[in-house]
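See below for the structure under consideration.
This structure is a prediction, so every number in the text was calculated from the model and none was measured. Below, all heavy atoms of this structure are taken into account, side chains as well, without hydrogens, waters or symmetry copies.
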Amino acid sequence: MAKLAYLGLGVMGAPMARHLAAAGHDLTVYNRSAAKAEAWVAAHGGRMATSAAEAAEGADAVFSCVGTDDDLAEVTLGPKGAFRAMRPGALFVDHTTVSARIARQLGVEGKDHGLLVLDAPVSGGQAGAEKGQLSIMCGGSKAAFEAAQPLMQAYAARMVHIGKSGAGQTAKMVNQIAIAGVVQGLSEALRFAQAADLDLDRTFEAVSGGAASSWQMVNRWGTMAKDEFDFGFAVDWMRKDLGLALEEARANGATLPVAALVDQFYAEVQAMGGGRQDTSSLVRRLPR
């Protein structure tokens, strides 16, 4: 049993922390909204801290899943941040999707504090977090990855060490770039089928068994056809992620014309009031 801290109890962090507790670890949790932390402790045990530093004090490992670069900086490097309280040799694992820039910064700051630091964004959405079936892309030292593996296995279906600090975040950008293109293609294909008066179930049966198949097609074709868009990862978050990818591309010289275009399409969905709908709502901007 390890002594752990978990910072951030949103739709992803709360179930990941729950899996750690269920695995028998001793957990202290912190959330900016204290009511969420109180509810989590009431449901799953452990202790609630009033700051990230308090949660991290004496911990073998500290995990975080917050919102943005600024949120992450606050819970790690801020006046009441975890890095101020963590003992040398302790592990810090960040599951937030943030910029590679801050991931690299935390790698440097962590080394200065004698910490093992891993940027470890996840794919699999809320359902994957609830089921403990996430795919985790990791950046940092081999020692940090090896220290994190036995702990992350509580909620991971796959863990891959990509490379040095920032590589996990950059790999997550690869993931989001690929998804953006697939969802746009699926949206166009669905609207084309509807315009042609095809039987959508039979069309799905035909094309989902071949090269056109994808996770998005298998899981979202039917719900998109029914205008149902309440399935987890929101457009607002996808725009944040695509913005990170486009920023990194400007730095490394990559060209992302489709990702940039789909980002603007998602801006249209936001303007239509769909910011909290899931990413398959991209189809809404295409007329029937």
Side-chain angles (χ1 to χ4, degrees), residues 1-31 36-48 55-56 59-67 72 75 82 90-98 103 116-140 144-162 167-169 171-172 174-176 178-179 214-216 218-220 223 230-234 237-238 241 278-280:
M1 181 177 71
K3 180 176 172 57
L4 307 179
Y6 208 103
L7 316 177
L9 299 172
V11 296
M12 299 295 288
M16 284 191 275
R18 171 172 54 81
H19 287 300
L20 289 169
H25 299 298
D26 178 15
L27 241 68
T28 300
V29 297
Y30 166 74
N31 193 75
K36 284 187 177 180
E38 291 170 354
W40 191 96
V41 169
H44 307 297
R47 292 173 298 281
M48 169 187 163
D60 300 311
V62 177
F63 295 80
S64 63
C65 190
V66 289
L72 180 58
V75 299
L91 170 69
F92 178 78
V93 178
D94 177 47
H95 290 307
T96 318
T97 296
V98 287
L116 297 172
V117 177
L118 200 69
D119 54 285
V122 302
S123 180
Q126 184 177 354
E130 294 286 354
K131 295 175 183 176
Q133 294 291 308
L134 293 167
S135 177
I136 309 179
M137 296 147 271
C138 302
F145 179 68
E146 290 178 347
Q149 271 186 299
L151 299 172
M152 297 191 301
Q153 69 183 5
Y155 45 79
R158 177 180 298 181
M159 297 171 277
V160 181
H161 184 211
I162 306 295
Q169 293 297 344
K172 178 62 182 285
V174 173
N175 187 79
Q176 303 304 74
I179 288 174
S214 65
W215 187 97
Q216 297 291 338
V218 170
N219 290 276
R220 295 291 174 261
T223 55
D230 187 22
F231 298 97
F233 194 71
W237 292 108
M238 185 60 159
D241 290 1
D278 76 79
T279 52
S280 68

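If you take CZ on Phe92 and CG on Leu116, they are separated by 12.5 Å, rounding to the nearest 0.5 Å. For the atom pair CZ of Arg220 and OG of Ser214, the computed distance is 11.0 Å after rounding to the nearest 0.5 Å. Going from atom CG of Leu118 over to atom NE2 of His161 covers 6.5 Å, rounded to the nearest 0.5 Å. Of the inter-residue distances, the one linking Asp278 atom CG with Thr223 atom OG1 reads 6.5 Å to the nearest 0.5 angstrom. Atom-to-atom distance recorded for Ser280:OG and Ile179:CD1 is 12.0 Å, nearest 0.5 angstrom. For the atom pair CG (Asp94) and CD (Gln169), the distance works out to 6.5 Å, reported to the nearest 0.5 Å.
Between Phe63 and His25, the distance separating the two ring centers is not shorter than 6.0 angstrom.
Between Asp119 and Ala167, the shortest heavy-atom distance links the atoms OD2-N, 3.8 Å. Shown here for Ala55 and Thr28, the closest heavy-atom pair between the two residues is CA-CG2, 3.8 Å. Between Ala171 and Ile162 the shortest heavy-atom distance is CB-CG1, 4.0 Å. Of all heavy-atom pairs spanning Thr97 and Pro121, the tightest one is OG1-CB, 4.0 Å. Across all non-hydrogen atoms, the minimal contact from Ala234 to Thr279 is O-CG2, 4.3 Å. Considering every non-hydrogen atom in both Ala120 and Val93, the closest pair reads CB-CG1, 3.9 Å.
For the pair Ile136 and Tyr155, the minimum side-chain heavy-atom distance is below 4.5 Å. In this structure, Phe231 and Gln126 have side chains that are not in contact, with every pair of non-hydrogen atoms separated by 4.5 Å or more. For the pair Phe233/Asp241, a side-chain contact is recorded, criterion being any heavy-atom separation below 4.5 Å from C-beta on. With contacts defined as side-chain heavy-atom distances shorter than 4.5 Å, the pair Met152/His95 qualifies. No side-chain heavy atom of Val174 sits under 4.5 Å from any side-chain heavy atom of Met137.
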> Going through the checks in order, is the side chain to side chain contact (heavy atoms under 4.5 Å, CB included) test met by Leu91 and Leu151?
Replying inline: CA-CA 11 Å; Leu91 170 69; Leu151 299 172; 4.2 Å; yes
> Could you walk me through whether Asp26 and Arg47 pass the side chain to side chain contact (heavy atoms under 4.5 Å, CB included) check?
Replying inline: CA-CA 9 Å; Asp26 178 15; Arg47 292 173 298 281; 2.9 Å; yes
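Residues that satisfy the salt bridge (charged side-chain N to carboxylate O under 4.0 Å, His left out) test with Arg158, not counting sequence neighbours, are absent from this structure.
When atom types are taken as modelled, the side chain of Thr96 and the backbone of Val66 share a donor-acceptor pair closer than 3.5 angstrom.
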Donor-acceptor list for residues 1-23 side chains, cut-off 3.5 Å, not counting sequence neighbours:
unit_1	atom_1	unit_2	atom_2	d
Arg18	NH2	Glu130	O	3.3
Arg18	NH2	Glu130	OE1	2.8
His19	NE2	Ala129	O	3.0
His19	NE2	Glu130	O	3.1
His19	NE2	Gly132	N	3.3

